[in-house]
Asker: 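There's a structure below that I have some questions on.
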Amino acid sequence: MKKALLYLSLLLLCVAFVLCFSSCNGEDDTCKLALELSEDGSYYTVTGIGEYTDSEIIIPDEINGIPVKVIGEKAFNSNATVTSVTVGKNIEEIKTWAFLDCSALTEINWNAINCELCGDRAFQGIGEAVTLNIGKDVEIIPSNAFKVESRHQQTSHIVKVNIAKDSALKTIPTYAFSGCTTLTSINLENATNLEAIGDETFLNCSRLTEITLPASLKTIGKDAFSGCSGITKVNATSIADWCKIEFSTQASNPASLSSVLYVNGEPISDLVIPEGVTVIGSNTFASNLYLKSVVLPESLAQIGDAFVDCANLSSVTLNSVEAFTRERTPFLGASKLVESAKIKIGKNVVSIPARMFQGVTNLTEVDFSEATSLKSIGAKAFKDATKLEPISLPASLDLMSYDSFEGCDKVYTADGSLRYIGNWLVDTVDKSNIISTVYVKNGTTHIANGAFTSCREFVAVSLPTTIKVIGDKAFYDCAKLETVSIHESARIEYIGKEAFSSCTKISTVRSSLECWSGITFASKESNPLFNGCNLTIYGNEGTFDFATDKNVSPFAFFGCQNLASVTVNGAGKIGENAFNGCTSLNSISRESDALSIGE
């Protein structure tokens with residue numbers, strides 16, 4: 001009985017030995033790799049070369065149905081005979097120093113689908129002129145598999161990365177090829193499912209000369225191509241696809257290093273962003289020195305610092321109906337090297353956003369001749385365009401900031417202490433100059449947003465018959481302002497948000513009733529009466545009665561101290577807070593239905 005048990009034990013050991021060194025088909029040298037079965041019997045680890053004699057090592061996907069998942073620590077460390085290694089599709093982890101100093105290794109065939117763990121220096125010190133072939137089913141490669149760190153005096157000789165056609169690769173993670181100074185090419189165009197390139201992925205790959213980014217790409221991480229000083233050609237599948245990419249920093253964009261972008265093999269100098277593109281993010285065309293003209297589409301809704309340092313850009317056509325900059329400066333630093341630059345505003349443009357063309361220092365002309373739909377120009381939109389010649393603002397323009405053309409001295413005309421652009425009153429000639437009474441010249445139709453913000457020496461302002469619009473915060477914090485006089489024939493249409501906010505000393509507002517009742521107030525602080533004062537009606541110095549068959553604007557008589565009665569006839573409607581704070585108001589009548597106003 002004991003002999004039988006002994007024979008049975010020996011038989012089991014032999015079976016285990018055979019299993020341990022067997023292969024998928026048992027007909028090649030993979031059966032000779034040193035393997036270790038996990039404690040639970042669920043996977044194998046390759047621990048060494050064993051009796052494997054072939055210089056081209058193939059790590060199998062599985063052994064007799066059990067997957068090979070790990071390549072162990074120092075498994076092939078300092079092996080001078082291995083020239084090629086194929087990493088099986090089931091490998092999930094490659095441990096530290098697995099292929100360290102395999103000096104003859106010149107080819108790596110990577111088939112591991114989801115290997116995200118790779119130990120320190122796993123592939124350092126491998127052979128000269130190494131080619132990395134990434135298989136079709138691979139979705140991700142480890143973040144530090146081929147990273148080189150100079151502090152460890154590491155070297156890597158990966159020269160070329162080939163990606164299988166229609167590759168499943170979705171992410172090239174942070175640091176993946178960082179420091180691979182020998183890398184000269186990678187064919188990302190085959191990575192048709194690639195969505196993300198991580199931070200510093202190709203950091204200091206100084207011999208990388210050409211790269212094509214696929215249409216599927218969505219994001220490129222911080223400084224992904226920083227230090228890639230050798231890049232001369234960057235290819236995009238289309239301008240629309242290029243605009244979809246989110247570049248975290250300027251060094252995330254390889255075209256900012258090459259200073260030119262190619263589409264269909266041709267360098268782009270006259271850029272037309274196609275209709276349908278709604279967003280152009282920061283750094284999308286940064287430092288592109290080959291660009292000479294740009295046409296932005298009507299569909300554009302948001303733009304970042306997209307054209308920063310495009311120093312040879314000389315022409316921009318804006319067709320975007322209503323783009324939004326989020327306080328970015330899309331063209332900062334553009335046109336520094338050209339003698340003149342021109343911007344044309346298209347017929348369907350509704351607004352020019354804040355800072356849109358700030359820093360275009362050699363801008364000489366803005367063509368508004370077709371801008372028949374333009375309603376607003378944002379703050380600092382053309383700031384520091386110091387060579388800009390006088391302009392003609394379109395009649396459609398309703399809102400503009402006092403600093404929309406800050407630093408563009410040639411566009412202004414002065415009348416006494418005030419500065420104008422056409423029929424727009426913009427600000428004072430000298431902010432430090434004390435002005436007690438402001439007389440706005442006749443012919444002025446608009447007062448810019450913030451025109452007199454914090455001009456705390458103002459005591460009185462006189463507005464002409466031609467005035468139509470008073471912008472947001474136009475007289476904000478004019479702390480000594482006491483009197484606002486509106487010409488009897490004036491017909492103001494709109495007063496912007498907080499136009500008279502913090503003007504707490506206003507005691508007299510003079511206007512015709514017809515003018516006052518026709519004003520649309522953006523907020524209660526738009527109304528100079530809101531702190532509580534008299535509305536002095538021409539021909540009537542005391543209390544007055546108001547009758548209308550039209551709508552009464554919200555906040556229209558907010559704080560009016562001398563309004564006695566209101567009659568609203570016909571279909572007229574009373575807006576929100578129209579009569580709030582009217583302390584002398586006794587009654588409001590709507591046709592035959594009288595409403596009593598209580599205390």
Side-chain angles (χ1 to χ4, degrees), residues 171-178 180 183 185-189 191 194-274 277-292 294 296 300 302-313 316 325-326 328-334 336 359:
T171 302
I172 303 178
T174 297
Y175 308 132
F177 298 99
S178 176
C180 290
L183 181 63
S185 69
I186 178 170
N187 64 331
L188 291 178
E189 61 267 31
L194 185 66
E195 295 182 354
I197 295 174
D199 296 347
E200 300 185 9
T201 297
F202 296 97
L203 178 69
N204 293 330
C205 292
S206 55
R207 295 188 189 179
L208 187 62
T209 58
E210 182 175 347
I211 194 164
T212 297
L213 299 183
S216 57
L217 192 61
K218 296 178 180 178
T219 62
I220 301 181
K222 180 180 177 182
D223 298 337
F225 292 93
S226 179
C228 295
S229 55
I231 289 182
T232 58
K233 190 171 184 180
V234 178
N235 303 293
T237 52
S238 72
I239 293 299
D241 290 332
W242 185 262
C243 290
K244 292 176 184 176
I245 302 172
E246 182 182 332
F247 299 95
S248 298
T249 61
Q250 193 163 323
S252 303
N253 184 348
S256 70
L257 301 171
S258 66
S259 299
V260 60
L261 177 67
Y262 286 77
V263 177
N264 297 322
E266 296 295 327
I268 302 300
S269 62
D270 298 309
L271 175 64
V272 178
I273 307 293
V277 172
T278 58
V279 177
I280 305 175
S282 291
N283 306 304
T284 303
F285 297 97
S287 295
N288 191 320
L289 302 182
Y290 202 76
L291 276 184
K292 295 181 179 177
V294 173
L296 300 175
L300 185 64
Q302 183 175 323
I303 185 168
D305 295 334
F307 296 92
V308 169
D309 294 331
C310 292
N312 291 317
L313 188 60
V316 178
T325 59
R326 293 186 183 275
R328 300 295 186 180
T329 49
F331 293 91
L332 185 66
K336 284 183 177 177

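Note that the structure is predicted; figures quoted are calculated from it, not measured. Throughout, residue positions are numbered sequentially from 1 according to the sequence presented. Atoms considered below: every heavy atom in the structure, side chains included; atoms not considered: hydrogens, waters and symmetry mates.
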Asker: Which heavy atom of Pro267 sits nearest a heavy atom of Val260, and at what distance?
Answerer: CB-CG2, 3.7 Å
Asker: Would you give the length of the straight line joining atom CG of Asn187 to atom CG of Asn235, rounded to the nearest 0.5 angstrom?
Answerer: 12.0 Å
Asker: Of the options Ile273, Asp305, Asn253, which is the one that meets Phe285 in a side-chain contact (heavy atoms from CB on, under 4.5 Å)?
Answerer: Ile273
Asker: Side-chain contact, heavy-atom cut-off 4.5 Å: Ile239 with Val263?
Answerer: yes
Asker: Got a sec: does the NZ of Lys292 have more than 12 other heavy atoms crowding it under 6.0 Å?
Answerer: no
Asker: Might you point out which heavy atoms bring Phe247 and Asn283 nearest each other, and give the distance in Å?
Answerer: O-ND2, 3.4 Å
Asker: How long is the span from the OG1 atom in Thr219 to the CG atom in Leu194, to the nearest 0.5 Å?
Answerer: 8.5 Å
Asker: I'd like to know whether CD of Glu246 has more than 12 heavy-atom contacts from other residues, nucleotides or ligands below 6.0 angstrom.
Answerer: no
Asker: With rounding to the nearest 0.5 Å, note down the distance linking CG in Leu217 to CD1 in Ile245.
Answerer: 4.5 Å
Asker: Can you give me the closest heavy-atom contact between Glu189 and Thr212, atom names plus distance?
Answerer: OE1-CB, 3.5 Å
Asker: To check you understand the geometry: which heavy-atom pair defines the closest contact between Ile172 and Ala176, and what is its length?
Answerer: CG2-CB, 3.8 Å
Asker: So which heavy atom on Leu291 is nearest to which on Leu271, and how close?
Answerer: CD2-CB, 3.6 Å
Asker: Report yes or no: does Asp199 contribute a side-chain atom to a donor-acceptor pair with the main-chain N or O of Lys222 at less than 3.5 Å?
Answerer: yes
Asker: Calculate, to the nearest 0.5 Å, the distance between atoms OG and CG belonging to Ser226 and Leu257 respectively.
Answerer: 7.5 Å
Asker: Ignoring hydrogens, what is the shortest heavy-atom contact between Ile220 and Ser252? Give both atom names and the distance.
Answerer: CG2-O, 3.2 Å
Asker: Does a side chain donor of either Thr249 or Asp223 reach within less than 3.5 Å of an acceptor in the other side chain?
Answerer: yes
Asker: side-chain contact (heavy atoms from CB on, under 4.5 Å) for Asn288 and Leu261? Distances and angles first, verdict last.
Answerer: CA-CA 8 Å; Asn288 191 320; Leu261 177 67; 4.0 Å; yes
Asker: Nearest 0.5 Å, please: how far is CD1 in Ile211 from OG1 in Thr232?
Answerer: 12.0 Å
Asker: Indicate yes or no: at least one non-hydrogen side-chain atom of Pro254 is less than 4.5 angstrom from one of Leu213.
Answerer: yes
Asker: Would you confirm whether Thr209, through its side chain, and Ile231, through its main-chain N or O, come within 3.5 Å as a donor-acceptor pair?
Answerer: no
Asker: Hey, can you tell me if Phe202 and Phe177 have their rings parallel, tilted or perpendicular (30° and 60° cut-offs)?
Answerer: parallel
Asker: Look up atom CH2 in Trp242 and atom OG1 in Thr237, then write down how far apart they are to the nearest 0.5 Å.
Answerer: 9.5 Å
